[in-house]
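Below you'll find the structure, written out as structure tokens, and then a few comments.
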There are 2 protein chains.
Amino acid sequence: MTDRKPRRSDATRAAILTAARERFAADGYERATIRAIAADAGIDPTMVMRYYGNKEKLFAAAAEIDIRLPDLTAVPRDQVGERLARHFLDRWEHDETMAALLRAAATNGGAAQRMREMFAQQLVPVVAPVVAEACPDPAQAPARAALVSSQVLGAALCRYVLRLEPFVTMPADEVTAWLGPTLQRYLTAADPAAR
Amino acid sequence: MTDRKPRRSDATRAAILTAARERFAADGYERATIRAIAADAGIDPTMVMRYYGNKEKLFAAAAEIDIRLPDLTAVPRDQVGERLARHFLDRWEHDETMAALLRAAATNGGAAQRMREMFAQQLVPVVAPVVAEACPDPAQAPARAALVSSQVLGAALCRYVLRLEPFVTMPADEVTAWLGPTLQRYLTAADPAAR
DNA sequence: AGTGTAGGCCAACAATTGTTGACATAGCGG
DNA sequence: CCGCTATGTCAACAATTGTTGGCCTACACT
């Protein structure tokens, strides 16, 4: 139902998308040129326009991200933080699309909007039930999720974008060990002062 | 000694720098054009070139930042985290130069380099003595400082760049209340698992 | 007052960008 | 086998960019 008849140009489409993700991840939105993307994909720049309309739509297609968050209700409450930290780190390590979106979101309004949508549609709902258990006010969920975002995005920024030295070489396990308790507190602490 | 003879063009120079900071903060490095900056400053684009050489050097001049970190050794050890959080938030709130550097660092190599230097030269030294008290290994200081950076930059990213809703409207006091204990732990915990 | 120099503007260049249209070709359906 | 449409290439456009050189003006110093 959701898949259409396979087109002869599917290979080209995919090549464009792959090249676009690489370029957007490496250079950000403005510096990644359609010509460079087309060259990487081994085709003419015109094809990019034909298949994706314009640069903005190409980026939208390239930056389509599913965080694939696990079902946190199935995780022991006191391990939620570390579990989340590990998942995010793993996701970032294996999918350059995440870095592409982050880099672009810093200067491109559309990309920032996309990031906000990801937050609202994917992170908040998953996190809400966990927050609800430890905190009476259900309206707190977005704020808690935002705190989680800030630490996760900040770590990604330092590690994959700024390439801040201590953070780049630090083993993934150590990063999760440090971030885990932080996220745990953001999600399950009754108030900021509580542990 | 450090100040030179005042030049007739000092007003223009300052106007350029102010406009540059605003544009770089609002648009990032690539989208902020010299023409737009000159227009904001009410002068000809040529002046920018004459006084700052080229766009890169202009940015370097505009993004010269002193974090003005307080002397943490004079702060009670258990309040270091909150003190740092408040300082950073305040700094970001009142100086758009910080946002300019952050936005630009996401896509511009030079800006990223600048950010790393700020980290190494300003944050690490201030933080090192605090870390040394709680942790035997002096080589841990950079890693702890990097963790602090990640949370601070992440919060700034969400609040001032991505404008993630819950984070934008959250009162500054509440943000510091949440971030304080996190930074405190990154600095003074003996190991990731310790509180 | 006269002159040299710093401050400023205008026009223009070369390069790059996203984007468009006309034209070729090849493969599939009739 | 014929023709139509999808796929692809080439050349070019219009706009924008950083950047340069020439020219005018006004202030400062002798």
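Since the structure is predicted, the reported quantities are computational estimates derived from the model, not experimental observations. The chains referred to below are lettered A, B, ... by the order of the sequence lines, with proteins before strands, and numbering in each begins at 1.
- B:Arg31 places its CZ atom 19 Å from the P atom of D:dA15, with the value rounded to the nearest Å.
- Note: CD1 (A:Ile16) to C1' (D:dT7) measures 11 Å, nearest angstrom.
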Pair A:Asn54-A:Lys57, side chain to side chain contact (heavy atoms under 4.5 Å, CB included): steps then yes or no: CA-CA 5 Å; A:Asn54 57 28; A:Lys57 289 184 195 167; 3.4 Å; yes
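- Of the side-chain N and O atoms in B:Thr12, one or more sit less than 4.0 angstrom from OP1 or OP2 of C:dG8.
- For the pair B:Asp27 CG and D:dT17 P, the computed distance is 11 Å after rounding to whole Å.
- Rounded to the nearest 0.5 angstrom, A:Glu96 CD and A:Glu22 CD are separated by 5.0 Å.
- In summary, the side chains of B:Arg144 and B:Gln140 do present a donor paired with an acceptor at a separation below 3.5 Å, with no hydrogens or angles considered.
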What N/O pairs connect the protein and nucleotides 21-28 of chain D at under 3.5 Å? Give each pair on its own line.
none

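- In this structure, the NZ atom of A:Lys55 is 8 Å from the C1' atom of C:dT17, given to the nearest Å.
- Nearer to the 5' terminus of DNA chain D, by closest-nucleotide assignment, is the contact made by A:Gly42 (compared with the other of B:Asn54 and A:Gly42).
- The structure places CZ of B:Arg116 at 12.5 Å from OG of B:Ser149, a figure rounded to the nearest 0.5 Å.
- B:Ala32 comes within 4.0 angstrom of the backbone, heavy atoms only, and of no base.
- Rounded to whole Å, the distance from CE on A:Met49 to P on D:dA11 is 19 Å.
- Between B:Tyr160 and B:Trp92, the angle of the ring planes stays under 30°, which puts this pair in the parallel group of the 30/60° scheme.
- Between B:Phe59 and B:Tyr29, the angle of the ring planes goes over 60°, which puts this pair in the perpendicular group of the 30/60° scheme.
- To the nearest angstrom, C1' of D:dA6 lies 9 Å from CE of A:Met47.
- Taking atom NZ of residue A:Lys57 and atom P of nucleotide C:dG18, one finds them 16 Å apart after rounding to whole Å.
- Among the protein residues, A:Ala36 comes within range of no part of the nucleic acid, since none of its heavy atoms lies under 4.0 Å from any strand.
- Across the protein-nucleic acid pair, A:Tyr52 atom OH and C:dG18 atom P stand 16 Å apart, rounded to whole Å.
- In terms of position on DNA chain D, the residue among A:Arg35 and A:Tyr51 whose nearest nucleotide sits closer to the 5' end is A:Tyr51.
- Inter-residue side-chain proximity for A:Glu93 and A:Arg159 is flagged as met; some heavy-atom pair is nearer than 4.5 Å.
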